[in-house]
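What follows is a set of notes on a single structure, which appears directly below.
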Amino acid sequence: MAYWLVKSEPEAWSWDDQTKAKRTHWNGVRNAQALINMRAMKMGEEVFFYHSNVGKEIVGICTVVREFYPDPADDKSGLVDLAASRPLPRPVTLAALKSDGRFDDLGLIRQSRLSVMPVSAAHWRAIMTLAGAK
DNA sequence: GCCAACGTTGGC
DNA sequence: GCCAACGTTGGC
């Protein structure tokens, strides 16, 4: 069971939008590394939903409801489907992760431009604790 | 196949 | 709004 993190600018697509939509096609990813990560996502795996630019915090958790498939509209891209699962009781900010010290090798901090990345089980648990979630 | 120029992302 | 980091493009 792997864990993931996806980023979205809330002005383009926010956690509220994701919650209302129930299930979305996560499309428009062109970055090679992000696509490799998307290919590795399996049904039912959990994904942190991070607000970039505005908020800069992890706000909720989605689950993978459809594994990677090619984008019919763009042969250089592909999709996974994500469904909102639950919000975090307390969002975890980028500043909090940076000042904590345990997350220096988290993709979000190490490679800030990557939009889809794996999260280790240890990091996942630590972030869940910071969020006041189980 | 190299690399300079350019575009985009995202933190500050 | 600025700029660093990094990906992509195109001329050679």
Side-chain angles (χ1 to χ4, degrees):
Chain A
M1 205 61 175
Y3 296 103
W4 308 95
L5 182 148
V6 297
K7 298 202 287 200
S8 184
E9 294 192 39
E11 288 174 343
W13 185 257
S14 71
W15 172 252
D16 277 352
D17 295 328
Q18 181 73 32
T19 303
K20 286 183 196 133
K22 310 272 191 234
R23 176 193 181 110
T24 57
H25 306 300
W26 205 259
N27 64 1
V29 175
R30 297 292 295 273
N31 175 275
Q33 190 59 49
L35 287 167
I36 288 168
N37 292 333
M38 285 169 70
R39 283 179 185 278
M41 289 180 170
K42 297 299 170 201
M43 284 292 291
E45 288 183 339
E46 292 185 302
V47 184
F48 280 137
F49 191 102
Y50 173 79
H51 277 168
S52 62
N53 284 320
V54 180
K56 283 170 286 187
E57 56 191 8
I58 301 169
V59 289
I61 297 169
C62 292
T63 54
V64 178
V65 293
R66 183 174 172 188
E67 293 179 8
F68 188 89
Y69 55 105
D71 187 341
D74 180 355
D75 63 6
K76 289 194 172 59
S77 189
L79 324 174
V80 294
D81 289 0
L82 299 180
S85 170
R86 58 203 185 279
L88 294 183
R90 262 180 288 128
V92 177
T93 64
L94 181 64
L97 293 172
K98 280 193 167 170
S99 64
D100 188 288
R102 285 178 292 169
F103 302 103
D104 290 351
D105 57 345
L106 184 68
L108 193 64
I109 289 168
R110 223 185 46 235
Q111 207 182 340
S112 67
R113 289 187 55 192
L114 187 59
S115 61
V116 181
M117 68 195 74
V119 176
S120 72
H123 279 154
W124 181 276
R125 281 193 297 272
I127 292 168
M128 290 295 271
T129 301
L130 290 177
K134 287 182 262 345

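The chains referred to below are lettered A, B, ... by the order of the sequence lines, with proteins before strands, and numbering in each begins at 1.
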* Taking only heavy atoms on the protein side, list every residue of residues 103-118 of chain A lying under 4.0 Å from any atom of DNA chain C, sorted numerically. => Gln111(A), Arg113(A)
* Pair Phe49(A) + Trp26(A): ring centers closer than 6.0 Å -> yes
* What integer distance in Å separates Leu35(A):CG from dT8(C):P? -> 10 Å
* To do: Can you tell me the distance, in whole Å, between the CD atom of Glu11(A) and the C1' atom of dG10(B)?
  => 12 Å
* Quick one: do the Gln18(A) and Trp13(A) side chains pair a donor with an acceptor below 3.5 Å? -> yes
* For dT9(B), take OP1 and OP2 only and decide whether either is under 4.0 Å from a side-chain N or O of Tyr50(A). => no
* Nearest whole angstrom, please: distance from the P of dT8(B) to the CG of Asn31(A). => 14 Å
* Rounding to a whole Å, what distance do you find between Glu9(A):CD and dC12(B):P? -> 15 Å
* Asked: How close or far is atom P of dT9(B) from atom CZ of Arg30(A), stated in whole angstroms?
  -> 11 Å
* Asked: Is Asp105(A) salt-bridged to Arg110(A), going by a charged N under 4.0 Å from an acidic O?
  -> no
* Leu94(A) versus Ile109(A): any side-chain heavy-atom pair under 4.5 Å? -> yes
* Structure fact -> Atom CG of Leu94(A) and atom P of dG10(B) are separated, to the nearest Å, by 12 Å
* **Lys7(A) vs dG10(B): side-chain N/O to OP1/OP2 distance below 4.0 Å** => yes
* Do the ring planes of Trp124(A) and Tyr3(A) sit parallel (below 30°), tilted (30 to 60°) or perpendicular (above 60°)? -> parallel
* Hey, is Glu9(A) close enough to Lys56(A) for a salt bridge, meaning N to O under 4.0 Å? -> no
* Measure from NZ on Lys56(A) to P on dT9(B) and round the result to the nearest Å. => 17 Å
